Amino acid sequence: MAKPKLFSPGPIDVAPETYAAMCGPTIGHRGADFEELYASVQPGLQEIAATERPVFLNTSSAWGIMEGALRNLTHKKVLNLCGGAFSDKWFGVAKSCGKEAEAIQVEWGQPIDPEAVRAKLSEGGFDTVTLVHNETSTGCLNPLAEIAAVVREFEDVLLVTDTVSSFSAVPTPFDELGLDVLLCGVQKALALPPGLSLFVTSERAQARAATMPDRGYYFDFAEFQKNHEKNNTPSTPAIPHIYGLRERVEHMLAEGLPNRYRRHEETNALLLEWAAGHGFENLAPEGFRSKSLGCFKTPDNLDQSGWIKAVRENHGFLINGGYGKIKGKTFRISNMGNETVETMQELFGALDKELPKFRK
Ligand SMILES: *Cc1c(COP(=O)(O)O)cnc(C)c1O
């Protein structure tokens with residue numbers, strides 16, 4: 001049976017052109033061919049991240065860098081800003097790395113309050129903050145600029161930002177906001193298959209990393225910097241993914257970033273309008289809603305899993321039935337990557353057709 005098209009928020013649907021690009025020849029990574037490939041994606045990725053800093057390519061999923069950032073940067077104590085499955089788990093990962101960690105925990109779906117961050121950091125003792133920009137499990141888009149401005153008030157505190165489901169869907173200007181680490185995996189907003197992640201570091205972050213004991217090898221920021229200077233990666237990279245990344249970056253630049261951001265806004269507005277039209281309540285409050293997905297509360301009178309299954313089996317589209325502790329109580333629909341008004345409308349057509357059968 002054909003696999004369904006993914007409208008779940010990650011991994012997402014991958015374009016045939018991307019798969020085709022990934023079939024390029026395997027090349028030795030310590031040679032001119034790879035260096036050329038590596039260098040070719042830099043300007044485009046720097047444009048998307050709005051940075052003059054290098055964009056490192058790392059062969060792991062996002063969690064590699066999420067954990068690695070703590071091992072490179074957290075010497076005293078990390079403040080984890082938690083409000084969903086990914087941000088909450090980061091707190092657990094910090095502790096499992098043996099780091100001292102404290103959390104600001106908000107209700108799932110709610111945004112992080114920059115004032116609360118200021119109050120907590122004012123207590124002193126912190127040197128790192130983690131923030132999930134777009135909490136993919138709840139559809140909440142956190143106020144990145146405001147939180148970054150607060151963290152910047154505290155010298156010696158570095159801000160690590162996860163943009164897994166927002167990078168290239170909304171602007172995340174690294175230099176302008178004064179971020180210290182920006183990271184993302186490629187299987188969500190960038191619409192590649194899973195297996196590669198990207199990250200940018202500030203000079204401050206590199207300086208801190210260079211002095212950190214026990215930061216290991218695979219995610220060592222200093223190793224990434226050193227190899228970057230030769231257009232290379234510390235260890236053997238996922239070369240097919242980098243071919244695919246090159247294809248996607250070219251595609252994004254051809255579309256134009258402002259157009260790409262506008263397309264996400266339009267398709268997301270349609271999604272929210274469709275949901276509101278059915279009385280589906282958004283888990284995230286107005287003003288803090290993701291532009292790349294929607295997370296909606298499951299009404300009591302809906303057989304959600306039956307509905308999702310029928311849409312998959314009868315129409316070949318897959319949406320998601322909630323993640324983490326809100327599984328079954330919410331559902332999520334992605335508009336990230338390559339979706340357009342037309343493809344979203346096709347999905348809504350399928351969802352609408354099946355919905356009446358599963359209203360109890
Ligand atoms: C999916 C996701 C992750 C985890 O990514 P992996 O690819 O599983 O490592 C982290 N943060 C956010 C916001 C995500 O959506």
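All residue numbers in this chain count up from 1 along the given sequence. Just so you know, ligand 1 is whichever comes first in the structure, and atom 1 is the first atom listed for that ligand. Keep in mind that what you see is a predicted model, and the values were worked out from it rather than measured.
Of all atoms in ligand 1, numbered sequentially from 1 with element shown, those under 4.0 Å from a heavy atom of W63 are 4 (C), 6 (P), 8 (O), 9 (O). Interface of T136 with ligand 1, defined as ligand atoms under 4.0 Å from a residue heavy atom, comprises 12 (C), 13 (C), 14 (C), 15 (O). Atoms of ligand 1 lying under 4.0 Å from at least one heavy atom of V132, given by number and element, are 13 (C). Those atoms of ligand 1 that come under 4.0 Å of a heavy atom in Q187, given as number and element, are 6 (P), 7 (O). Atoms of ligand 1 lying under 4.0 Å from any heavy atom of A62, numbered from 1 in the order shown and given with element: 5 (O), 6 (P), 7 (O), 9 (O).
When every heavy atom of L293 is checked against every heavy atom of N335, the shortest pair comes out as N-OD1, 3.1 Å. The two residues G337 and A191 have their closest heavy-atom pair at CA-CB, 4.0 Å. Closest non-hydrogen pair, K99 versus L70, comes out as CE-O, 3.3 Å.
Taking the centre of each ring, H315 and F317 stay at or above the 6.0 Å mark. Ring-centre distance between F219 and F224: not below the 6.0 Å cut-off. The six-membered or imidazole ring of F154 lies away from that of F126, with a centre-to-centre distance of 6.0 Å or more.
In this structure, M66 is part of the shell of residues with a heavy atom less than 4.0 angstrom from ligand 1. Not a single heavy atom of E135 lies less than 4.0 angstrom from ligand 1. Between S61 and ligand 1 there is a heavy-atom distance shorter than 4.0 Å.
Neither L272 nor M336 shares a network with the other; the hydrophobic side chains, linked directly or stepwise wherever heavy atoms of I, L, V, M, F, W or Y lie under 4.5 Å apart, form separate groups for each.
Any N or O atom pair closer than 3.5 Å counts here, and V164 shares no such pair with ligand 1.
The proximity of F86 to ligand 1, defined as any non-hydrogen pair under 4.0 Å, is limited to the side chain.
When K5, R260, R263 are each tested for a salt bridge (Lys or Arg N to Asp or Glu O under 4.0 Å) with E339, only one passes: K5.
The closest heavy-atom contact to atom 12 (C) of ligand 1, among the options D162, T138, N134, comes from D162.
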